[in-house]
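Reviewing the structure listed below.
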Amino acid sequence: MTGFVIPAPAQAQLPVQGGGAFPVRRVYCIGRNYAAHAVEMGHDPDREPPFFFQKNPDSLDASGQFPYPAKTSDVHHEAELLVALKSGGTDIAFEDALDHVWGYAPCLDMTRRDLQGDAKKMGRPWEIGKSFERSAPVGPLHQVSEVGHPKTGEIALTVNGELRQSGDLSQMIWKVPEMIAYLSEYFELAAGDVILSGTPAGVGPIVRGDVMVVSIAGLNPLQVEVV
């Protein structure tokens, strides 16, 4: 084979604080990883096995704008810590998991809640509610060598200056190394994979003109305008 028969799609990438770009391979998202959020979504917060869904790599968007998507009238914000991997493998041990992390960034898992709700009722996959274009606004990645591994500290979201979500990274039911170890039992993780690590309570709707700000202790905040 001599070459592609159509133009190759652009490589999905994340900006890096201070310069450079991080190439994205896959995007894994954990569901209901903060107890209070599990309760607000109608679920028992007891430590049940984690579950994951995926977004597309090009769902990640660092433009600072979120275009209100089609076919929905109920789009919700979900503030999350993004974890970017520099290496991977299968059956990664818990004690080795953080060695595979390159860095962290503030992120949003924007959700067409009405479409997700319909999918849940019919027992269908969530992608139509979760994995649409530009559904994961994201800020620059901060390298581990500069910020360490955030384990505690506030994660919060404001809309137009009003506090909507507030929690602490320590409240994750499944911690970052546990997520990496668990995922590696079912998938072969690799450099370029990213994990969205769940959202605290307080998710809610946004409208055009809103300005969302995600703040995570130790990282530069992410500001996103709904357009």
Side-chain angles (χ1 to χ4, degrees), residues 8-17 20-34 37 50-67 69 75-90 92 97-98 100-113 115-116 119 124-144 150 155 157 169 172 174-199 203 212 214 216 219 222 224:
Q11 168 67 57
Q13 56 186 267
L14 298 176
V16 172
Q17 187 70 31
F22 180 92
V24 179
R25 175 177 175 262
R26 294 179 182 170
V27 181
Y28 299 96
C29 308
I30 190 170
R32 299 193 294 266
N33 199 32
Y34 286 75
H37 175 58
F51 74 93
F52 293 84
F53 58 93
Q54 291 192 13
K55 285 181 180 279
N56 298 317
D58 62 2
S59 294
L60 293 163
D61 180 74
S63 69
Q65 293 188 327
F66 172 69
V75 179
H76 284 204
H77 55 73
E78 298 190 10
E80 311 214 0
L81 174 70
L82 180 146
V83 184
L85 303 186
K86 63 182 180 182
S87 56
T90 57
I92 296 170
L98 290 181
H100 297 276
V101 177
W102 190 90
Y104 299 89
C107 189
L108 282 159
D109 171 17
M110 301 303 294
T111 303
R112 293 192 281 204
R113 190 71 74 201
L115 300 188
Q116 183 197 29
R124 294 178 177 175
W126 290 7
E127 277 73 12
I128 197 167
K130 288 284 192 179
S131 193
F132 52 93
E133 284 69 26
R134 299 173 70 174
S135 61
V138 62
L141 274 173
H142 299 67
Q143 195 167 2
V144 167
I155 174 172
L157 178 139
L169 297 174
M172 287 185 192
W174 293 88
K175 313 304 185 189
V176 171
E178 292 176 306
M179 286 186 269
I180 293 170
Y182 183 89
L183 276 169
S184 74
E185 295 177 10
Y186 295 89
F187 301 94
E188 184 174 356
L189 300 180
D193 289 348
V194 303
I195 302 169
L196 274 61
S197 58
T199 194
V203 301
M212 304 175 287
V214 179
I216 298 177
L219 307 181
L222 165 66
V224 180

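The analysis underlying the following values was restricted to heavy atoms, covering all of them including side chains, and did not include hydrogens, waters or symmetry mates.
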Qualifying residues under side-chain hydrogen bond (donor to acceptor under 3.5 Å, both in side chains), relative to [X], sequence neighbours excluded:
| X | answer |
| --- | --- |
| His77 | Arg164, Gln165 |
| His100 | Ser87 |
| Gln17 | Asn220 |

message = Working to the nearest 0.5 angstrom, can you tell me the gap between Leu189 CG and Ile195 CD1?
response =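 Rounded to the nearest 0.5 Å, the CG-CD1 separation comes to 6.5 Å.
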query = When rounded to the nearest 0.5 angstrom, what is the spacing between OG in Ser197 and CD1 in Ile155?
reply = 6.5 Å
Looking only at non-hydrogen atoms, find the nearest pair between [X] and [Y] and report the distance.
| X | Y | result |
| --- | --- | --- |
| Leu157 | Met212 | CD1-CB, 4.5 Å |
| Glu80 | Ile216 | O-CD1, 3.6 Å |
| Ala84 | Phe22 | CB-CZ, 3.7 Å |
| Val214 | Ala79 | CG1-CB, 3.9 Å |

key: Residues that Phe51 engages under ring pair (Phe, Tyr, Trp, His ring centres under 6.0 Å), provided they are two or more places apart   = Trp126
inquiry  = My understanding is that only residues two or more places apart in sequence, or in another chain, count here; which of them pass ring pair (Phe, Tyr, Trp, His ring centres under 6.0 Å) with Tyr28?
reply    = Phe187
Salt bridge (charged side-chain N to carboxylate O under 4.0 Å, His left out) partners of Arg26, counting only residues at least two apart =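 Arg26: no salt bridge (charged side-chain N to carboxylate O under 4.0 Å, His left out) contacts found.
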Listed partners of [X] passing side-chain contact (heavy atoms from CB on, under 4.5 Å), at least two apart:
| X | answer |
| --- | --- |
| Asp58 | Asn56 |
| Pro50 | Ile30, Phe52, Trp174, Tyr182 |
| Ala12 | Val24, Pro57 |
| Ala190 | Arg25, Asp193 |

ask   = Is atom CD of Gln11 surrounded by more than 12 heavy atoms (other residues, nucleotides or ligands) closer than 6.0 Å?
value =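 Atom CD in Gln11 is crowded, with more than 12 foreign heavy atoms closer than 6.0 Å.
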Leu98 atom CG, neighbour heavy-atom count above 12 within 6.0 Å =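 Yes, the 6.0 Å shell around CG holds more than 12 heavy atoms from other groups.
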Let me have the donor-acceptor pairs involving side chains of residues 102-109, under 3.5 Å, with sequence neighbours excluded, atom names and distances please.
unit_1: Tyr104; atom_1: OH; unit_2: His149; atom_2: ND1; d: 2.6
unit_1: Asp109; atom_1: OD1; unit_2: Lys55; atom_2: NZ; d: 2.9
unit_1: Asp109; atom_1: OD2; unit_2: Lys130; atom_2: NZ; d: 2.7

ask   = After noting the C-alpha distance and the side-chain angles of Val138 and Val194, does the key distance pass the side chain to side chain contact (heavy atoms under 4.5 Å, CB included) rule?
value = CA-CA 12 Å; Val138 62; Val194 303; over 6 Å; no
request  = Mark yes or no for whether Ser135, through its side chain, and Met110, through its backbone, hold a donor-acceptor pair below 3.5 Å.
outcome  =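 Checked: no pair found.
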Is there side-chain contact between [X] and [Y], with heavy atoms separated by less than 4.5 Å?
| X | Y | result |
| --- | --- | --- |
| Val203 | Thr111 | no |
| Leu219 | Leu81 | yes |
| Met172 | Glu178 | no |
| Val144 | Lys86 | no |
| Leu82 | Leu141 | yes |

request  = Tell me, with the steps shown, if Val75 and Phe66 meet side chain to side chain contact (heavy atoms under 4.5 Å, CB included).
outcome  = CA-CA 11 Å; Val75 179; Phe66 172 69; 3.9 Å; yes
request  = Verify side chain to side chain contact (heavy atoms under 4.5 Å, CB included) between Val27 and Gln54, making sure each step is shown before the conclusion.
outcome  = CA-CA 6 Å; Val27 181; Gln54 291 192 13; 5.9 Å; no
request  = Given side chain to side chain contact (heavy atoms under 4.5 Å, CB included), test Leu183 with Ile92 step by step and report yes or no.
outcome  = CA-CA 9 Å; Leu183 276 169; Ile92 296 170; over 6 Å; no
